[in-house]
Amino acid sequence: MSLAVQECHGGMGEPGSLHQPVCSVLRAHLEKMASVHMRDLFESDPNRFERFSLQVGEVLLDYSKNRITDETMQLLMRLAEEAGVAGWRERMFAGDKINHTENRAVLHVALRNRSNRPVVVDGEDVMPKVNAIIERMGVFAEQVRSGQWRGYTGERITDVVNIGIGGSDLGPQMVVQALKPYRHPRLKVHFISNIDGAHVKETLESLNPETTLFIVSSKTFTTQETMTNAHFARSWFLAQSQETKHIAQHFVAVSTNSESVAAFGIDPAHMFEFWDWVGGRYSLWSAIGLSIVLAVGAERFIELLEGAHDMDEHFRHAPLAQNMPVILALLGVWYNNFFGAESHAILPYDHYLRSLPAYLEQADMESNGKSVDREGRVVDYATGSIIWGATGINGQHAFYQLLHQGTKMIPADFIVSIDPPTDLHKHHDILIANFLAQTEALMRGRTREETVRESGASGNGQFIQHKVFEGNHPSNAFLVQKITPHALGMLVALYEHKIFVQGVIWNLNSYDQWEVELGKQLASRILPELHADLPVASHDASTNALINYYRRMNHTHPD
Ligand code: G6Q
């Protein structure tokens with residue numbers, strides 16, 4: 001617990017509020033800011049963009065369209081200081097076991113530590129083994145990509161299928177999609193995660209076992225969904241190849257559990273290892289990124305790591321007030337804990353970034369969706385936001401109505417690249433124009449007078465109020481030169497560190513996930529009951545009735 005929290009816990013805090021000393025000052029400041037319109041802030045300060053924007057590498061962040069003044073930012077920076085962000089940040093980089101409920105270090109930063117400076121966990125520098133696995137992944141991927149690695153009939157591999165779920169799926173899937181312009185021209189990469197049989201069946205339907213390589217990605221190698229899909233893929237493969245010795249050329253594993261990998265029948269020589277200090281949702285930089293290396297090649301993967309490392313260096317060394325992840329985190333806290341905002345939208349104006357919202361949903365909500373602080377006390381303040389989103393341009397024709405005219409405050413991140421991903425320049429200009437118009441409209445709104453003026457002669461007084469836009473809706477705009485592997489690495493690391501800083505301010509362990517563990521147990525209990533001979537009576541009335549209804553109405557049998 002930070003000293004600041006200790007000092008004022010139980011005294012200065014109000015229900016629903018944070019407890020650092022500066023929070024009472026922030027609450028007083030909020031009273032002032034609640035009635036301030038951003039339109040007026042822009043009108044009174046032509047340099048607002050210069051003061052509230054920041055560039056790190058190829059990522060420009062404009063945060064001037066937020067409900068902030070210099071004073072707000074100063075107070076928020078004090079909050080970061082009082083919560084001990086700098087100290088916790090150092091502990092993470094130093095390999096301290098800050099994931100205390102699992103007694104683990106949190107070292108995704110070591111996976112992309114391109115400076116190679118030693119990172120010591122339990123007395124061992126982990127960098128040699130990190131570098132060795134990156135090297136092995138590169139060599140293996142090159143063999144497959146070049147056609148040197150052949151299937152059991154001597155054919156080249158044309159399709160790679162990653163079987164994994166959660167952290168062993170969302171990260172690599174998002175990156176492979178985002179970097180599609182860099183992909184190998186003849187190697188397709190697929191992802192199977194869902195235990196709905198339609199996912200595995202539909203994916204395998206179009207594939208040829210002779211030319212398909214499976215990566216079974218699972219940190220624990222016990223996850224029911226992944227193992228069930230992996231066994232199904234194995235049977236599908238053996239139905240044609242007939243001999244188990246051929247598995248060696250068609251199945252590799254990414255895991256921390258070598259015994260279970262061997263028991264599955266995968267040669268340990270074809271296992272790519274990672275370690276318990278890599279959290280699932282932070283693992284795309286580890287061997288879990290093998291599908292990325294296969295898709296875009298080792299060099300591009302290294303560029304991704306370098307981008308993340310550059311953001312790590314910025315996060316570690318930049319003063320808090322000029323630190324992009326810290327600024328983003330504090331803005332989030334400002335809305336979450338002071339304005340009472342419940343959710344935060346991620347709106348990429350980029351077809352290739354369309355899986356980023358889903359990726360960040362997990363990264364953020366699994367990390368900071370907690371209601372118990374590091375000391376095990378139930379918190380009395382809001383923690384992680386509901387993260388959601390979709391490609392912005394599609395959202396404009398769907399849910400933006402609520403962002404503009406609904407009753408909820410939903411801060412949003414708008415993300416776009418300056419260089420178009422294709423040669424369709426007119427498309428890109430329209431995209432950019434929409435991106436800019438939306439952030440402007442959210443900020444400015446449209447007053448009643450403007451609405452009347454714009455309606456002109458056809459203006460219908462009765463409906464004027466329906467066409468008024470209050471504005472004052474906060475947003476961040478990210479302009480990235482181009483979605484290169486390096487820029488993507490920076491962007492993802494930026495969000496990872498934002499989540500870290502918020503976790504520190506809320507005094508959470510952002511790196512455990514007890515719900516996931518619970519989910520894994522619960523389904524195992526119900527599974528045998530679905531085909532029990534006698535009616536099930538061991539649950540609540542609703543669950544019993546649903547299980548028994550399923551038993552009566554379902555006439556299929558498990559395979
Ligand atoms: C991530 C979570 C979770 C996990 C999956 C898959 O941080 O812990 O999403 O990644 O449950 O777990 P395995 O990799 O062990 O199969």
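Atoms within a ligand are numbered from 1 in the order they appear, just like the ligands themselves.
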- Message: Would S218 count as a polar contact of ligand 1, with the cut-off being nitrogen or oxygen pairs under 3.5 Å?
- Response: yes

- Message: Quick test: of every protein heavy atom, which one is nearest to atom 6 (C) of ligand 1, and how far off is it to 0.1 Å?
- Response: I165 O, 3.2 Å

- Message: Is it the case that the ring center of W388 lies less than 6.0 angstrom away from the ring center of F399?
- Response: yes

- Item | Polar proximity ligand 1 side, S217 side, N/O cut 3.5 Å exclusive | no

- Item | R300 and E303 ion-paired at < 4.0 Å | yes

- Who gets closest to atom 13 (P) of ligand 1 by heavy atom: D169, T223, V254? T223

- Task: Please tell me if the side chains of F214 and V252 come closer than 4.5 Å, counting only heavy atoms from C-beta onward.
- Result: no

- Note on the structure: Short version for Q513: what comes under 4.0 Å of ligand 1, heavy atoms counted, is side chain

- Got a second to check how far I499's CD1 is from M365's CE, nearest 0.5 Å? 10.5 Å

- Side chains of T220 and N257, donor plus acceptor under 3.5 Å: no

- Message: For atom 15 (O) of ligand 1, what's the nearest protein heavy-atom neighbour? Residue, atom name and distance, please.
- Response: T220 OG1, 2.6 Å

- Query: Is a side-chain N or O of N544 found less than 3.5 angstrom from the main chain of H539, in a donor-acceptor match?
  - Reply: yes

- Which ligand 1 atoms does Q362 reach within 4.0 Å, using its non-hydrogen atoms? 1 (C), 2 (C), 3 (C), 9 (O)

- Would you say E225 contacts ligand 1, with heavy atoms under 4.0 Å as the rule? no

- Query: Where on V516 is there a heavy atom closer than 4.0 Å to ligand 1, on the side chain, on the backbone, on both, or on neither?
  - Reply: side chain

- Task: Report the nearest protein non-hydrogen atom to atom 1 (C) of ligand 1: residue, atom name, distance rounded to 0.1 Å.
- Result: E366 OE2, 2.8 Å

- Task: May I ask you to list the atoms of ligand 1 that are less than 4.0 angstrom from any heavy atom of G280?
- Result: 1 (C), 7 (O), 10 (O)

- Query: Under 3.5 Å, side chain of K408 to main-chain N/O of A341, donor-acceptor pair present?
  - Reply: no

- Message: Just checking F414 against Y349, ring centres under 6.0 Å apart?
- Response: yes

- Message: Minimum distance, heavy atoms only, to atom 10 (O) of ligand 1: which one of G171, G167, S193, G164 is it?
- Response: G167

- Measure centre to centre between the rings of W149 and F140, then say whether the value is under 6.0 Å. yes

- Looking only at non-hydrogen atoms, the one of K520, E515, K219 nearest atom 12 (O) of ligand 1 is K520

